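Please read the structure below before turning to the comments.
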Amino acid sequence: MSTKPLAISTLGKRILPGAFFLPHLIVFLIFFIIPFFYGIVISLYDWHLFNPDLREFVGLDNFRRILFESDSIFYRYFWNGLRNTFTFVVLAVPPLVITPFLLASLLNVEPKGYKVFRAIFFLPHLFSIATLVLIWRWVLNTNVGILNLTLAQLGVDYIPWLSRQPFAWFALVLMTVWWTIGANMVIFTAALKEVPESLYEASDLEGANTLQKMRFITLPSIRNQLIYITIMTTIASFNVFGQPQLATQGGPEQSTTVLLMYIRNIAFTGARPNPGIATAMAVILGLIMMIISVIQVKLIKRLGD
Amino acid sequence: MKKLFVLLMGLTIVFTLAACGPDERNDLAPGEQAITFWNIFTGPDGAEMRALVDDFNAEHEGEIRVSTQTIPANDFYEVLNTSVPQGQGPDVAIMHLDHIAVNAQLGMLNSIDHLIDENMGENYIEQAWNAGAFEGSRYAVPLDVHPIGLYYNKDILDEAGVEVPTTYYELIDACDALQDYVDHCMPLSSMWPSQTVFTAALFQHGGRDLDEDGLYPAFNDASGYAALDTLHSLIYEHGISPGSVNVDEDLTLFRQGRAAFHINGIWMLNAVHESGINFGTASIETLFGPEPAIWAGSHSFVLPYQTGLTEEKEEAIMTFIEYITANSLRWAEAGQIPADLTVLNSEAFQAMDYHNDFFDMDALRFVTVSPYFEDGFEPVYSRVTTAMSNSDADIQALLDDAEQEGIELVNEALGH
C-alpha cells in the first residue's frame with residue numbers, strides 16, 4: 001500500500017470519468033429518478049393539478065378504484081387501455097425483433113451495395129413520430145393511399161387500414177416496424193460480427209445445416225444482445241402512444257386507445273384533471289413491465305444453455 | 001490533452017444548461033415592458049401572426065416588446081397546464097373558445113374585468129364575445145371565428161348544370177345529377193373534422209350539446225339521432241361519399257378535382273386555393289336540417305394565471321391584444337373571420353368573396369360555454385367516426401354509449 005499523496009494525474013483519473021457521466025446523471029435525475037418517485041407519491045393522493053394544497057392523502061384508494069371498482073369509468077378505461085397496450089406488445093414485439101435480425105443477417109453476408117441498404121434501413125429511425133405518421137397516413141389512406149391504389153390494380157377492394165379492425169392493428173405494427181428497424185439492426189449487425197468464424201467452420205465439418213447453425217451457434221453467441229433488444233423493445237412497445245394517437249386517434253371504437261392515451265387524458269383534460277388516478281395507472285403499468293422484463297431475462301438465458 | 005477534455009466537457013455542460021433558459025433578450029429599454037405570447041399557429045397562419053407581432057413591436061419600439069413562442073396544438077394545453085401552476089406560463093396566450101370555461105374554473109386564467117370598459121364588447125362578434133365570459137367574469141378577448149362551410153368545384157357544377165345545394169334534399173339531388181361528371185360527390189372524413197359536421201347537424205335539427213345547466217350530455221334525443229343518421233345515410237344510403245374516409249383525404253380528393261363538394265373549416269381556404277381548382281364557397285347552415293346553424297370555433301386571447309402583474313404590464317398586454325384584433329385583416333387572409341366588427345365591416349374584408357360567402361353571421365353557433373363541455377360532449381366524437389365508417393352502425397347504441405360515458409365523466413368531475 002502506498003501512503004504517498006495522490007498525484008494530480010491520479011486525481012484527474014478519478015474525476016475525469018465523473019465529468020463524463022455527470023451530464024447524463026443530471027438528465028437522468030431530473031427526467032427519470034425524480035419524476036419516478038414523485039409519480040409514486042402522487043398516486044397515493046387525490047391530487048389537484050392546479051392547486052396541490054388541496055390534495056388529500058387516500059392511500060391505495062386510487063389503485064382500488066382502477067383495479068376493482070367495476071362500475072367506475074376509470075376501471076373501464078384502465079382495463080380497456082391495458083388490453084389494447086398488451087395487444088400491441090404481443091403483435092409488435094416479435095416482428096420488431098425478428099425483422100431487424102433477419103436484415104442484419106443478410107447485411108452480415110456483405111452482399112454488393114450492403115452499405116447503401118444499411119443506410120436505407122436505418123433512415124426511418126431518424127424521423128419524428130409526427131413525420132412517421134404523416135408518411136404512413138398517405139400510404140394507408142382508404143381512397144387516395146398508395147397501398148390501396150396499388151392493391152386495386154390487383155383487383156383488391158379498398159381496405160380501411162386506419163378505421164377498421166384488424167387492419168388498424170396491422171397498420172400500427174407495420175409503421176412501427178418500419179420506424180424502429182434501424183436501432184435494433186445496428187446492434188444485431190455488431191453482434192453478428194463478433195461471432196467467431198471458426199465455430200461455423202467447425203459446424204460445417206460436422207455437417208450442420210443453416211437452421212442448426214442459427215440455433216446452436218448464432219443465437220447463443222448473441223444471447224446478451226438478444227436479451228437487451230427484446231427487453232428494450234418490449235418496454236418501448238408498452239410505452240406506445242404516438243402511433244395510435246396520431247394515426248387512428250384510438251379508434252375504431254377505442255380499440256387502439258392504449259393505456260398511455262387514457263393516462264394522459266385523465267391527468268390533463270376535462271373539468272377535473274385527476275393526476276392521482278393517472279399516475280396510479282402508470283405505476284401499475286411500470287410494475288407489469290418490470291415483471292415481464294425479469295421473465296424475459298430468465299427465458300432467454302435458458303435459450304443459451 | 002486531458003485538461004482540454006475536461007475543459008470541453010465543462011463548456012458543453014454550461015452551454016447545454018444555458019440553452020435551456022428562456023429565449024429572451026435582456027436589453028430592454030428603461031420602462032419597456034417585455035411580454036411573452038404563446039400560440040398554436042404552426043402552419044402558414046403562424047407566419048401571418050409573426051408578421052403582425054413584428055409590426056406591433058416595430059410600432060411600440062422602446063415601450064413594449066412581445067416575444068412569441070409557438071407550440072403545436074397537440075401539446076399546447078398540456079404544456080400550458082403544466083407551466084402555469086409553476087409560474088412558468090406566458091403573459092398572454094391563444095385559447096380555443098371551448099377551453100376557456102374549463103380553464104377559468106380550474107384557476108388557470110386571470111380575469112380581465114378590471115382591464116376592459118363595458119362598451120368593449122360591442123366591437124366584437126356577439127357570440128364570440130359572450131363565450132369569453134364565465135360565471136360573471138371576463139377571461140378572453142376574441143381574435144377570430146372560424147366556421148365550417150362548403151367548398152364547391154365551379155367547373156364541375158357548371159358542366160353538369162347543377163346549382164349549389166342549400167338543403168339535405170337539394171344535396172342528394174345535386175349528387176344524383178353529378179354522378180356522371182365526377183368520381184365522388186362530397187367525400188366526408190369520418191375523422192377530423194367530422195365532429196364539427198356532426199355538431200352542426202345536431203344544431204340544425206334543433207339539438208343541444210349539453211343541457212341548459214351546461215352539465216350533462218343532451219345530444220341523445222331525436223335531434224341527435226337525426227343528425228348522426230343523416231351523416232350515416234348520406235354515405236351508406238345515398239353514396240355521396242365513400243366510407244372510411246381518413247383525415248384530409250376528403251380535402252385531397254377535392255384538391256385533385258375528383259370531388260364536387262367538400263366540407264371543411266375556413267382555415268382550409270388557402271390550401272384549397274393553392275390547388276388551382278376553380279372553386280366557390282357557401283354556407284352549410286341548412287344542409288343537414290331545417291334550423292339554420294353553422295358550427296364555428298374561435299381563437300381568443302387569454303391571460304394565464306400569474307401573480308404580481310404590474311398595472312403597466314397589464315396595460316401593455318391589453319394594448320397588444322387590441323392592436324392584433326384591430327389589425328386582423330391580415331389574419332383573415334390566413335383563413336379566418338375577424339372577430340373585430342370594425343375589421344369585419346371594413347371594405348377590405350367585405351371584398352373578400354370567399355370569406356363572405358362562407359358563412360351567415362346570424363347562423364353562427366358555438367358550443368355551450370361550460371367547464372364540462374369536454375367531459376360531457378366529446379365522448380360522442382369517436383362514435384361519430386364509428387357511424388361514418390360502418391355501413392351497419394347502430395346509431396342509437398352509439399349515442400347511448402357516448403351519453404353514458406359523458407355522464408360518468410361529468411359525475412367524476414363533479415365528485416359525485
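Proteins get letters first, then strands, A, B, ... in listed order; numbering begins at 1 in each. Note that the coordinates shown come from a computational prediction; the quantities given were computed from them, not determined experimentally.
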### Query
Taking side chain as C-beta onward, heavy atoms only, is B:Gln256 less than 4.5 Å from A:Val144?
yes
### Task
Select one option (side chain, backbone, both, neither) describing which atoms of A:Thr257 are under 4.5 Å from chain B's heavy atoms.
neither
### Query
Using non-hydrogen atoms only, which part of A:Asp71 is less than 4.5 Å away from chain B: side chain, backbone, both, or neither?
backbone
### Task
Under 4.5 Å heavy-atom distance to chain A, tell me which part of B:Thr82 shows up: side chain, backbone, both or neither.
side chain
### Message
Between A:Thr269 and B:Tyr77, is there a side-chain heavy-atom distance shorter than 4.5 Å?
### Response
no
### Residue A:Ile15 versus chain B: region with a heavy atom under 4.5 Å
neither
### Query
So, the side chain of B:Asp375 versus the backbone of A:Ala271: is there a donor-acceptor pair under 3.5 Å, distance only?
yes
### Query
Do the side chains of A:Thr142 and B:Val245 get nearer than 4.5 Å, heavy atoms only?
no
### Task
With rounding to the nearest 0.5 Å, note down the distance linking OG in B:Ser244 to CG in A:Leu162.
9.5 Å
### Task
Could you tell me the separation between the CG atom of A:Asn143 and the OG1 atom of B:Thr252, rounded to the nearest 0.5 Å?
10.0 Å
#### Entry: Minimum-distance pair of heavy atoms, taken over all atoms of B:Met191 and A:Ser163
CE-CB, 4.4 Å
### Query
Non-hydrogen atoms of chain A under 4.5 Å away: do they reach the side chain of B:Asp250, the backbone, both or neither?
neither
### Query
Checking side-chain contact (heavy atoms from CB on, under 4.5 Å) for the pair B:Val247/A:Gln249: CA distance, chi angles, key distance, verdict?
CA-CA 10 Å; B:Val247 186; A:Gln249 290 157 20; 3.6 Å; yes
### Check: B:Glu412 side chain, A:Ile73 main-chain N or O, donor-acceptor pair, under 3.5 Å
no
### Query
To the nearest 0.5 Å, what is the distance between CG (B:Asp75) and CZ (A:Arg264)?
6.0 Å
### Task
Give, as side chain, backbone, both or neither, the part of B:Thr385 having an atom under 4.5 angstrom from any heavy atom of chain A.
neither
### Task
Check whether A:Trp138 gets within reach of chain B through its side chain, its backbone, both or neither, counting any heavy atom under 4.5 Å.
side chain
### Query
Should B:Val84 and A:Phe50 be marked as a side-chain contact (heavy atoms from CB on, under 4.5 Å) after you check the CA-CA gap, both sets of side-chain angles, and the distance that decides it?
CA-CA 8 Å; B:Val84 173; A:Phe50 302 92; 5.9 Å; no
#### Entry: Toward chain B, the part of A:Gln245 with a non-hydrogen atom under 4.5 Å
neither
### Query
With side chains defined as the heavy atoms from C-beta onward, is the minimum distance between A:Pro273 and B:Leu106 less than 4.5 Å?
yes
### Query
Does CZ belonging to A:Phe57 count more than 12 external heavy atoms closer than 6.0 Å?
yes
### Message
For a 4.5 angstrom cut-off between non-hydrogen side-chain atoms, does B:Asn246 reach A:Trp161?
### Response
no
### Task
Could you look at A:Glu253 and say if it's the side chain, the backbone, both or neither that has a heavy atom under 4.5 Å from chain B?
both
### Task
Look at the side chain of A:Asn141 and the backbone N and O of B:Glu249, then say whether any donor-acceptor pair between them is shorter than 3.5 Å.
no
### Query
Between A:Arg272 and B:Leu409, is there a donor-acceptor pair closer than 3.5 Å when you use the side chain of the first and the backbone of the second?
no
### Message
Would you say that B:Glu405 contacts A:Gln254 through its side chain, given a criterion of any heavy-atom pair below 4.5 Å between the two side chains?
### Response
yes
### Contacting region of B:Asp248 [heavy-atom separation from chain A under 4.5 Å]
both
